[in-house]
Structures are given as C-alpha cells and as structure tokens.
*Asks:* 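Dropping the structure in here first, questions after.
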Amino acid sequence: MATINKNYLKLPGSYLFSTIGKKVKEYSEGHPDAKIIRLGIGDVTLPLAPCVIEALHGAVDEMGREETFKGYAPDLGYEFLRSAIAERDFKKRGCDISADEIFVSDGAKGDCSNIQEIFGLDNTIAVCDPVYPVYVDSNVMAGRTGEYDPKTERFKGVIYMPCTAENNFLPELPAEVPDLIYLCFPNNPTGAVMKKDELQKWVDYANKHDSIILYDAAYESYISEDDVPHSIYECEGAKDCAIEMRSFSKTAGFTGVRLGYTVIPKDLEAGGEKLWPLWARRHGTKYNGAPYIVQRAGAAVYTDEGRKQVEEQIAYYMGNARIILDGLKAAGYDVFGGVNAPYIWLKAPYNLTSWEFFDHLLEKANVVGTPGSGFGPSGEHYFRLTAFGNRENTIEAIERIKKL
Ligand code: MLT
C-alpha cells in the first residue's frame with residue numbers, strides 16, 4: 001500500500017499567500033463593486049525593462065534557427081550569465097566569488113527550499129521569527145523540525161530567533177547552537193537590515209561553531225544605505241561558512257519569468273565534506289536548468305543599460321515605499337523597514353491581532369496586506385505592506401488607510 005510523507009500533515013493548512021488569496025476572493029465575490037488594492041504578496045507590477053524584452057526577443061529568434069538553437073542548458077547555467085554575475089555582483093563589491101561557484105536556477109524560492117536536502121536530517125535549524133515561511137515549511141516536509149506545538153505555534157525542533165521592535169528586528173546569536181542558520185537581509189517581512197559589523201558577528205559565530213549560514217539576499221538591490229552589505233561574502237571568513245541565494249524576481253521584475261542563483265564556495269565544507277559537489281549532483285539530477293531565453297534576459301540586466309533600467313524600476317518601488325512610510329507615520333502608525341527594502345512593517349493599531357487588522361483593512365479600506373502573524377508568532381500584532389504596487393494604487397491605498 002502506498003503511504004504518504006506524514007511530515008506534510010504537520011504543515012499549516014495552506015501556504016500563507018494562498019490563504020490570503022482565498023480570503024480576498026471570497027470578499028470580492030460578496031462585494032463585486034469593491035475596488036480592491038493588493039499590497040499583500042510581494043509581486044512586482046512594472047512591465048519588464050526594455051533591455052530584457054529585447055534580449056528575450058533576440059533569444060527566441062536564436063531558438064528558431066537551426067544554427068543557434070539550444071537544447072538542455074549546462075548544469076550550472078550558461079557561462080555568459082555566471083561570469084556576468086561573478087563580475088558585477090561579487091568582484092565589483094570586493095568578494096572573491098568565481099563563476100564556477102554560481103549555480104543558476106529558476107529562482108530563490110526553489111533554492112531556499114531545496115538547499116536543506118544536502119544536509120543531514122539530524123541538523124538543527126535556526127530561523128528568525130517572523131520569517132519567510134518557505135524556510136520552515138521545507139524543513140517540515142523533510143522531517144527536520146519535530147512536532148508542531150499549537151500552544152507556542154512553533155515546531156519543537158526549530159530554534160526561533162525573535163525579531164521585535166526591542167531588538168530592531170535583528171536576531172540575537174542563539175545560545176543553543178544551530179547547525180543551519182537561515183538569514184534573510186534585507187529582511188522579508190520586516191524590511192530590517194544588518195550592518196556589516198553585525199553580519200560579521202554571525203559569520204564569526206558560524207565559523208566558531210561549524211554552522212552553515214543560508215543567506216537569502218533576494219532584496220539586495222533595494223539597499224540604499226552605505227554600510228549595509230550586499231553580499232555575505234563581504235564579511236571576512238564567509239566563504240568558510242555561508243551559502244548565498246539571490247533572485248531576479250525583485251531585482252528585475254522576473255516573478256513571472258523565473259531566474260535566480262545560489263553561490264556555494266568550492267571549499268565550503270560541512271562535517272568534513274565539500275558542499276559544492278553535493279549541490280552540483282543534486283542540480284544535475286533533479287533540474288534541467290533555467291531556459292536559455294531566460295538566462296539571456298538575465299544577462300541583459302548586467303549590461304550598463306540594463307542596470308540603469310532596472311535601477312529606475314527599483315527607484316520607482318522605493319518611491320512607493322516612501323509614500324507608504326510617510327503616509328502611515330502621518331496617520332500615527334508605528335512603521336519600520338521601507339528604506340533598504342520594499343517591505344513596510346507596521347504595528348496594528350488598538351492592539352488588534354494581525355488577522356483582525358487584515359479583515360479591518362480589507363472591509364473598511366479594500367486594501368490587502370499580509371498579517372504579520374503569518375510569518376511567525378513574533379509577527380503577531382504586526383502587518384506587512386509591499387511597495388510593489390503601482391504608484392496610483394499605492395497613493396490611493398494610503399489615503400484610504402489614513403481616513404480610517
Ligand atoms: C512575499 O510576498 O513574501 C514574496 O513575494 C514571496 C516570494 O518571493 O516567494
């Protein structure tokens with residue numbers, strides 16, 4: 001008799017953004033005239049930059065000619081993209097990462113959830129609380145998290161590192177040493193950032209205890225302040241303890257195109273074994289690579305013109321972030337993030353729970369956000385708005401919230 005992977009039964013009913021989608025659908029069916037503004041899921045709204053479109057067209061044409069047609073992509077990704085990444089994202093920032101250490105993929109979500117496969121099931125994990133749900137859920141599916149405790153709303157085998165207003169939403173080094181440490185900076189959902197000296201402490205801690213840091217830098221291109229590292233490899237010793245994941249989704253509007261990459265330094269080891277060959281083996285076995293046309297589109301983002309175009313898009317979204325921050329502050333809300341990240345994290349007023357505030361905003365302002373408690377118990381009473389809407393809707397949403 002076939003049986004199931006029972007770990008799946010430990011998961012919350014549905015993925016956070018599916019739950020929100022369902023609630024909004026139900027509401028709009030009951031209120032067909034409501035003009036709902038969605039600032040919930042962090043999905044981009046601007047069309048792809050002209051350089052990306054041009055590269056896609058060019059690559060499609062190549063695929064239509066016998067002499068330039070491409071079949072399976074190389075396991076690690078095309079060299080033209082990996083060298084552009086190594087040069088622009090790392091060498092230019094003084095990080096010693098080579099093209100061979102970069103694995104191109106179809107996005108950071110898959111990489112963040114799959115990377116745990118190369119580690120033992122006996123590894124303990126530490127996550128920030130609140131946290132992007134994918135890190136915990138993928139470890140639950142693998143069977144690494146123990147039982148769920150409904151009282152604490154936490155998995156017993158996970159080390160949660162509370163990130164609250166009291167610690168500026170930055171986790172403290174855990175007293176109980178984890179084997180794997182998930183860090184995401186600029187942070188989703190709080191928008192907090194770690195300065196270089198703070199991140200260096202994590203690198204030193206991981207090296208001291210032989211832990212591995214899984215560093216999600218999906219929002220790196222939103223950093224606006226000087227002393228915030230764009231890559232963990234800006235810290236000394238990070239090549240001995242860290243894997244970094246990046247995404248084109250928020251950098252270049254690729255949420256519907258799909259492209260990302262993971263960096264595994266060649267000499268990085270866990271338990272005396274090198275990790276690079278394991279991920280290469282997994283990549284080769286389970287994945288056939290991001291499509292050629294998409295990798296060409298990704299490479300266009302690394303040209304001078306492409307960089308300029310995507311930076312304009314990022315500036316547009318950060319303009320939205322400013323409007324949200326200023327508007328909510330003027331309305332008396334406690335607000336965080338939004339300076340080096342496209343997320344604004346706010347305290348729900350009148351001690352409302354995150355979901356109560358979600359319902360209130362949906363019903364009274366027809367604005368959709370994300371309840372902070374959906375990211376973990378320390379997110380309770382908080383709420384996330386994204387800056388990825390269009391300008392007109394963002395202004396309108398904030399006006400509606402101010403009027404509440
Ligand atoms: C979010 O809203 O947190 C993100 O869009 C999720 C993601 O990037 O998968």
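What you see below is based on every heavy atom in this structure, not just the backbone, and it leaves out hydrogens, waters and symmetry mates. Order of listing sets the numbers, starting from 1, for every ligand and every atom in it.
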*Asks:* For H31, enumerate each residue passing the side chain to side chain contact (heavy atoms under 4.5 Å, CB included) test, keeping only those at least two apart in sequence or located in another chain.
*Replies:* Y27, A34
*Asks:* Tell me whether K35 at atom NZ has more than 12 heavy atoms from other residues, nucleotides or ligands lying less than 6.0 Å away.
*Replies:*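 Yes.
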*Asks:* Between ligand 1 and the protein, which N/O pairs are shorter than 3.5 Å?
*Replies:*
residue	atom	partner	partner atom	Å
ligand 1	2 (O)	G42	N	2.6
ligand 1	2 (O)	R384	NH2	2.7
ligand 1	3 (O)	N188	ND2	2.9
ligand 1	3 (O)	R384	NH1	2.9
ligand 1	5 (O)	G42	N	3.4
ligand 1	5 (O)	G42	O	3.2
ligand 1	5 (O)	K250	NZ	3.2
ligand 1	8 (O)	K250	NZ	2.9
ligand 1	9 (O)	Y132	OH	2.5

*Asks:* Could you tell me which residues satisfy side chain to side chain contact (heavy atoms under 4.5 Å, CB included) with D359, sequence neighbours excluded, listed by chain and number?
*Replies:* K23, E363
*Asks:* Measure from NZ or CZ of K347 to the centre of the six-membered ring of F383 and say whether it is under 6.0 Å with the direction within 45° of the ring axis.
*Replies:*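 Output no; distance or angle outside limits.
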*Asks:* Which residues pass the ring pair (Phe, Tyr, Trp, His ring centres under 6.0 Å) test with Y135, sequence neighbours left out?
*Replies:*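 Counting only residues at least two positions away or on another chain, Y135 forms a ring pair (Phe, Tyr, Trp, His ring centres under 6.0 Å) with Y132, Y182.
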*Asks:* Testing Y72, Y78, F69 for ring-ring contact (aromatic ring centres under 6.0 Å, His included) with Y292, which one passes?
*Replies:*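 Exactly one option meets the ring-ring contact (aromatic ring centres under 6.0 Å, His included) with Y292, and it is Y78.
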